[in-house]
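Ligands are counted one by one from 1 in listed order, and the atoms in each one are counted from 1 as well.
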Amino acid sequence: MATGLMKTIGAGELSTENIGEDVTLAGWVGRRRDHGGVIFVDLRDSTGIVQVVLNPEDAPASEEVLHGLRLEYCIQINGSVRARPEGTTNDDLATGAVEVVASELTILSPSEVLPFQLDDRIEVDESLRLQYRYLDMRRSRMAENLRARSQAIRAMRNVMDEEGFLEVETPTLIASTPEGARDMLVPSRLRKGNFYALPQSPQLFKQLLMIGGVERYYQVAKCYRDEDFRADRQIEFTQLDFEGSFWGQEDVLEVLDKVARRVVLDLRGTSITDDFTRLTYAEAMERYGSDKPDLRFGMEITDLSDAFSATEFKAFAGVLEGGGAVQAINAGQLGLARSGLDAQVSRAQELGAKGLVWMVVNEDGTVRSPVAKFLSESEIAQIIATCNATEGDTLLIVADTLPVVRQVLGQLRLDHGKPENNDDLAFAFIVDFPVFEVDEDGALSPAHHPFTAPASIDEMVNSPETAISKAYDLVLNGTELGSGSVRIHDSDIQAKVFEVMSISADDAEDRFGWFLEALRYGTPPHAGFAIGIDRFVSILRDEPNIREIIPFPKTQTGADPLTGSPSRVDDDQLVELGIEIRTSVLDAWAEREEGSSEG
Ligand code: ASP
C-alpha cells in the first residue's frame, strides 16, 4: 500500500523479512488483551492485522493512556518488529510469525462503545449493520467484499482497455425510456411540472455514441429501476455496459467471454478451461424449464407424452387431450419417507401446479406411487426408461399447461439438484430469445427492450408471438448476469417495432422522435451488452445477497437506515419545485398499505 506520511508500512504487510526494522503503524484496536500489565493489541488497518506489544516498562505512553485504550480506538505506534517468542506464533494470521514492540503510542481518535462487536464470528442484525455500515466495513467480510468488487471492476476495465474500448460517461438525468421497469423520477426546478428520469441503463446514449462514430464504448454505469425488492435486486445497481459498431452477436459474446474469464481469474485465481455452454432460449426452456438454467447439475426435464399417449389414467389423459404436457424430472436418490414425498406435492401446488405425481423405482422394475395402480406395466417400463431411472430414483411428474409444467419442474430441479463442488462455475450463453413476451391479456411487451433487432422483420410483423430476436443473455449458476442484443439500426424498422407494441406513430414520435431521427443519419449496425457487476461478484464471493457486495445498499423497502433516505423535504424546496404533497393522497396510500398488509 502507498502508506502516506503517518505510517511506514501496512499492518498486514509485515513478515519475518521485517524483523529488526523500526516501523510506524496506524490503524484500529481490533482486539486487546491484558497480560499482567503488558497489553497485546491486534492492530488492524486496510491491509490486515498485526500483534502489537505495549509494555509499560518500555513506556510507550503514560499508564493512564495505556489503560484507557479501548476497542476501535484509532491509534498510531512506533516500534520495532521482532519474531514472536517460540510457541506463540499464530498460523491463522498472515503476520502471525511476528509482532511489533511499541516504543510510542499516540491515540489519534478515541471510539465510543460500539453498537455491535466487530467480530466476524458474531451474527449481527442486517438493519444494524446497514445503519452503521462504516463500522460493518471494518469487519473482514465486508472489507474483503469491497476489495473483490474493486478487483472485478479493474479486471473488466483492463479487458475493455485491451480490446480498444473508450470509456464514456452518459448522463444520469435523462428522458424516460421504455426498458421494462418503472422509472425513478427527479422533478425539475427550472421547468416546473417536468421530470427527469434516472437511467434504467445507458441504452439510448450508447446507441447515440455508435451513431456518433465511437465504435467501441464502455462504462461502469449506475442504473436505476423502481422495482420491488428481491434478494438480487436493488433500485440502484451497477453494470458494465458496452457497445460496438460493425458488430454482431458473435463479436459481443467473444468479448463477454474474455471479460467473464478475466474476472474469475482475478477474483478466484482459477482459469476456466471449458467453453461456455450455448443454448437457445427454446432449448433452455425445454430441457431446464428456465431461461437461466443452473448447469452445475443435469436433472433435465423429460417429456412423457409418448409414455402416456394411450393411458387409462384419466387425469393425465385429460391434460394431454387438452393440449397440455406431462413431463418429469428424475430427482435421483432422494430417500424420502411418505411424508417427504407428499411434501413434494404441496411444493408443486405452491409453485402453481394443480398437483404432482411422485414415483419411486423399486428393485424389480415396478414403482411405488399413489397412481401405480392406474398404470400398465408397459407404461411404467416406458416411464422408467425415458427418465433413465434406476432403483431408488424418485421421479416427480407434473401434468398441466406447458408453461406451468416448465415453471414447476424448473423450480423442483433447483430444489433437488446439487453441484458436485461448492465452487463450481457453470457459465452459459442463452441465445435466440423471443422478440416479445405475451401477457395474459395478449398484450405484447419486448422480451429484452424495444431497440432489439428481430431475427426477421416479416416474422415479427406476421407472427409476433413466436418471433425470434437477436437478444442473448449470460447466465452463471442459474443467475442471469446480464443481457444484450443486436440493435435495430433502421428508423423504419424501429418505428415498426413500436407499432407492433401498440405505441402509436404519434406517441412514438412524441417520446422518441429524437431517437428515430438520429437513426436516419447513417447509423452503423451495432450490438452490445450489460453485465450486472453486483450479481457477478456476489456469486464469485459466494454471498447470498447483492447487498453484501454493495458498499451502501438499501433495505428491502428501499430505505437507507444510515442516512435516512428517502426522506421528507422542506416545504420551501417543494414550492421551488412547484410540487404540493396532498395529504389526501398520502392518506389514501397509507390506507392501501394497511389493507395490503392485513390481506
Ligand atoms: N441496456 C440493457 C440492459 O440494461 C443491456 C443491453 O441491451 O445492452 O439490460
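Here the shortest heavy-atom distance to atom 3 (C) of ligand 1, taken over Gln207, Arg225, Gln203, belongs to Arg225.
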key: Derivation and outcome, salt bridge (Lys or Arg N to Asp or Glu O under 4.0 Å), residues Glu250 and Arg278   = CA-CA 12 Å; Glu250 295 313 311; Arg278 189 182 288 217; 2.9 Å; yes

Between His416 and Gln344, is the side-chain contact (heavy atoms from CB on, under 4.5 Å) condition met? List the steps.
CA-CA 11 Å; His416 298 293; Gln344 301 307 311; 2.8 Å; yes

**OP:** Determine, stepwise, if the pair Arg261 / Asp257 fulfils salt bridge (Lys or Arg N to Asp or Glu O under 4.0 Å).
**Re:** CA-CA 6 Å; Arg261 283 171 202 270; Asp257 186 287; 2.6 Å; yes

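Using modelled atom types, no side-chain atom of Arg520 and backbone atom of Ser491 make a donor-acceptor pair closer than 3.5 Å.
In summary, the atoms of ligand 1 found under 4.0 Å from a heavy atom of Ser201, numbered by their order in the structure, are 1 (N), 4 (O). Residue-ligand proximity, Phe529 to ligand 1, at heavy-atom distances under 4.0 Å covers atoms 8 (O). Of all atoms in ligand 1, listed by their number and element, those nearer than 4.0 Å to a heavy atom of Gln239 are 4 (O). Those atoms of ligand 1 that come under 4.0 Å of a heavy atom in Gly484, given as number and element, are 6 (C), 7 (O). Against a heavy-atom cut-off of under 4.0 Å, Lys206 is close to the following atoms of ligand 1: 6 (C), 8 (O).
Any N or O atom pair closer than 3.5 Å counts here, and His448 shares at least one such pair with ligand 1. Of the polar atoms of Glu243, none of the N or O atoms is found under 3.5 Å from an N or O of ligand 1, judged by distance alone.
Of the candidates Arg406, Lys354, Gln327, Asp400 forms a side chain to side chain donor-acceptor pair (under 3.5 Å) with just one, namely Lys354.
At a heavy-atom cutoff of 4.0 Å, ligand 1 is contacted by no atom of Gln200, backbone or side chain. Contacts of Arg487 with ligand 1, taken as heavy-atom pairs under 4.0 Å, involve the side chain alone.
Applying the side chain to side chain donor-acceptor pair (under 3.5 Å) test to residues at least two apart or on different chains, the pairs with a partner in residues 530-539 are Arg149-Asp534. A side chain to side chain donor-acceptor pair (under 3.5 Å) check over residues 159-175, counting only residues at least two apart or in different chains, returns the pairs Arg157-Glu167, Glu162-Arg262, Glu163-Lys258, Glu167-Tyr218, Thr170-Gln219.
At the shortest separation from atom 5 (C) of ligand 1 among protein heavy atoms lies Ser483 O, 3.3 Å.
Atom CD of Glu509 and atom CZ of Phe498 lie 10.5 Å apart (nearest 0.5 Å).
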